[in-house]
Protein chains: 2
Amino acid sequence: MQEVARVAGVSISTVSRILNGTARVSREKRQAVQDAIAQLNFEPNRLAQSLKRGRTMTVGVLTQDIGSSYFNETLQGVDKALANTGYAPLIVSGHWDTQDESDRIRLLIARRVDGIIILYGTLEPEQILAYTEQVPIVVTGRRIEAERACAIDLDHEAAGYAATRHLLDLNHRRIAHIKGPEEHRDAVQRFAGYRRALSEAGVDYDQRLVVNGDFREPSGLLAVMELLRRGVSFTAIFAANDQMAYGARLALYRHNIRIPEDISLIGFDDLPSSSYTTPPLTTMRQPLFDMGQTAAESLLSIIDQKRVESMRVKAELVVRETTRRLT
Amino acid sequence: MQEVARVAGVSISTVSRILNGTARVSREKRQAVQDAIAQLNFEPNRLAQSLKRGRTMTVGVLTQDIGSSYFNETLQGVDKALANTGYAPLIVSGHWDTQDESDRIRLLIARRVDGIIILYGTLEPEQILAYTEQVPIVVTGRRIEAERACAIDLDHEAAGYAATRHLLDLNHRRIAHIKGPEEHRDAVQRFAGYRRALSEAGVDYDQRLVVNGDFREPSGLLAVMELLRRGVSFTAIFAANDQMAYGARLALYRHNIRIPEDISLIGFDDLPSSSYTTPPLTTMRQPLFDMGQTAAESLLSIIDQKRVESMRVKAELVVRETTRRLT
DNA sequence: CTGTTAGCGCATTCAA
DNA sequence: TTGAATGCGCTAACAG
């Protein structure tokens with residue numbers, strides 16, 4: 001900036017004023033400065049600006065896996081909401097590791113982001129509450145009560161219930177479930193919904209119909225193989241997420257079991273690719289994009305000193321072609 | 001830091017020294033400072049550090065679409081390479097828009113990132129060359145010659161050739177091609193490879209077998225519908241990327257055309273989900289993860305004042321179950 | 001071993 | 001309208 005000022009023959013405060021439109025400046029000087037800026041290819045140093053202003057115009061986003069469509073759809077929503085606001089996202093990944101997650105959050109705080117969005121993950125609410133002291137936070141996938149924080153959550157129990165209910169409504173009674181990991185609270189809630197639906201419908205819970213998975217494709221494949229090995233009969237499968245449903249679908253294909261003629265299959269999430277499996281997958285749609293967008297908007301409001309309510313969104317049943325009525 | 005120094009009863013330089021291990025400090029003072037840090041929940045301001053040191057320990061990554069697995073696999077590679085180096089990625093998206101891309105790059109420069117990785121996109125090499133004056137750059141998907149820059153590229157023409165060649169080797173002669181967008185240089189190169197393979201094999205080029213797509217699923221579906229509408233006969237399809245292959249696969253399914261019994265299908269990219277389509281997709285594998293990793297490593301080397309050579313990687317044919325020999 | 005001091009690049013208050 | 005001066009939080013001489 002020194003340099004620009006020198007070339008334009010003005011003081012650096014004048015340059016600053018022109019850059020920010022903070023005050024009126026004479027035409028000639030303005031022109032001179034703009035010429036100097038163009039000539040020197042000058043770009044104001046945001047670090048210094050932030051240091052001075054006390055705002056970085058950056059929001060940190062803690063994701064768990066940059067490779068997963070699940071997270072990335074949410075990120076897209078965040079990106080959309082941030083566009084044209086002057087804020088830029090600083091995306092970091094916790095890799096589903098509590099230690100890693102804390103480290104990343106601390107990094108974000110050290111970089112003085114103006115706010116943080118935490119997408120799921122394994123951090124305890126108390127832990128997050130503590131960070132709330134230092135920076136506004138919006139979380140998804142859990143509830144939280146604090147001054148400068150809010151949560152956007154989905155009722156996974158109800159959604160698990162709805163998925164199972166759909167199968168029940170189609171006259172299925174022998175419904176297998178491929179569970180998500182024990183440590184995911186969402187997964188256990190979906191499972192709880194499954195059991196409640198069963199019990200309400202007067203269907204006995206059969207433990208042999210439930211197999212553990214880890215939310216990834218291979219585990220879905222393995223789960224179906226296990227089910228087949230057990231020799232237990234079933235007419236439908238509820239997979240706790242779409243990725244495992246893909247794996248299950250492949251295992252079924254390998255055994256020449258047709259979908260939906262022989263077995264009905266329902267997933268959870270509605271990933272973009274789920275409309276393009278063959279046949280297209282029936283699933284519980286999570287409004288991931290919207291949640292990301294809302295999270296970002298809420299965060300900006302909090303930063304803006306406005307009060308924001310936590311909210312709960314709903315999953316929606318998307319009936320496509322992998323479920324069929326039993327006659 | 002003032003505060004920490006005051007609480008610990010030392011000067012701020014001592015605090016700094018302890019934070020950075022720059023010099024030996026007596027046990028008592030060290031202890032006092034560490035206590036103060038813990039007590040105040042102090043986290044050094046990275047902005048100020050960067051401003052002072054002239055390094056932000058941040059590398060900018062220009063991607064085009066945070067929602068796409070294609071880019072995200074590359075990002076994962078970058079993330080992996082950056083882990084434990086002290087560098088953090090600042091990911092921004094250009095949304096396939098030249099203006100947007102320039103804006104993002106300028107933003108990254110304004111934020112004084114130590115280097116930039118540009119993943120594909122529509123920026124002209126000359127344009128990038130200009131930015132090279134201001135910051136080290138590694139690009140993928142194009143070639144570039146500059147002091148503090150390097151490129152990691154893949155020979156898409158050769159890969160398009162190999163894909164077509166595979167079909168030819170399986171005795172297919174009527175091979176349709178679903179093209180990528182004209183403005184993607186990769187797409188036109190893959191198409192060029194397709195034509196070369198055909199011509200080398202003495203197969204006449206038939207324009208009616210080629211349909212335009214936009215690299216996304218729906219266009220693959222539409223492409224097959226168009227092919228069918230044209231009433232032109234074909235026994236195999238080479239889709240310019242996996243996503244369009246998914247769309248094509250669904251269209252075929254709708255028309256009760258079996259894969260690979262009736263039609264062979266080959267994609268391009270080998271996205272993670274391609275092992276889980278039914279049947280699993282034969283495709284040209286791009287080492288996306290590795291490319292991301294290499295890009296990041298190269299960038300760090302350049303930042304480290306080392307000379308780095310541009311390099312060319314190769315796509316690899318992954319034969320799965322959607323292609324079959326014609327007898 | 002430790003404290004004092006001079007900037008890093010910018011925004012802004014205070015004078016002029 | 002404009003310029004000089006101050007400080008944002010930190011590091012790195014420099015001097016003790």
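Hydrogens, waters and symmetry mates play no part in the numbers below; they use all other heavy atoms, side chains included. Just so it is clear: chains get the letters A, B, ... in the order the sequence lines come, proteins before strands, and each one is counted from 1. Source: prediction; values computed, not measured.
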Do the side chains of A:E147 and A:R307 get close enough for a salt bridge, i.e. N-O under 4.0 angstrom?
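Counted as a salt bridge, because a side-chain N and a carboxylate O are separated by less than 4.0 Å.
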Centroid separation B:Y70 to B:F215 less than 6.0 Å
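Between B:F215 and B:Y70, which both carry aromatic rings, the centre distance is not below 6.0 Å.
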Going 5' to 3' through nucleotides 8-16 of chain D and flagging B where a protein heavy-atom sits under 4.0 Å of the base, S where only the sugar-phosphate is that close, and - otherwise, we get BBBBBB---
Compare side-chain N and O positions of A:T14 against OP1 and OP2 of D:dG3 and report whether any pair is under 4.0 Å apart.
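Yes.
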Between A:T14 and A:S11: side-chain donor-acceptor atoms closer than 3.5 Å:
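Result is yes, a qualifying pair exists.
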[Y] side chain reached by [X] side chain, heavy atoms, under 4.5 Å:
{"X": "B:V313", "Y": "B:M291", "value": "yes"}
{"X": "A:P44", "Y": "A:Q49", "value": "yes"}
{"X": "B:S50", "Y": "B:R55", "value": "no"}

Grab the [atom1]-[atom2] distance between [X] and [N] for me, whole Å please.
{"X": "B:Q31", "N": "C:dT2", "atom1": "CD", "atom2": "P", "result": "14 Å"}
{"X": "A:I18", "N": "C:dA11", "atom1": "CD1", "atom2": "P", "result": "12 Å"}
{"X": "A:R6", "N": "D:dA4", "atom1": "CZ", "atom2": "P", "result": "15 Å"}

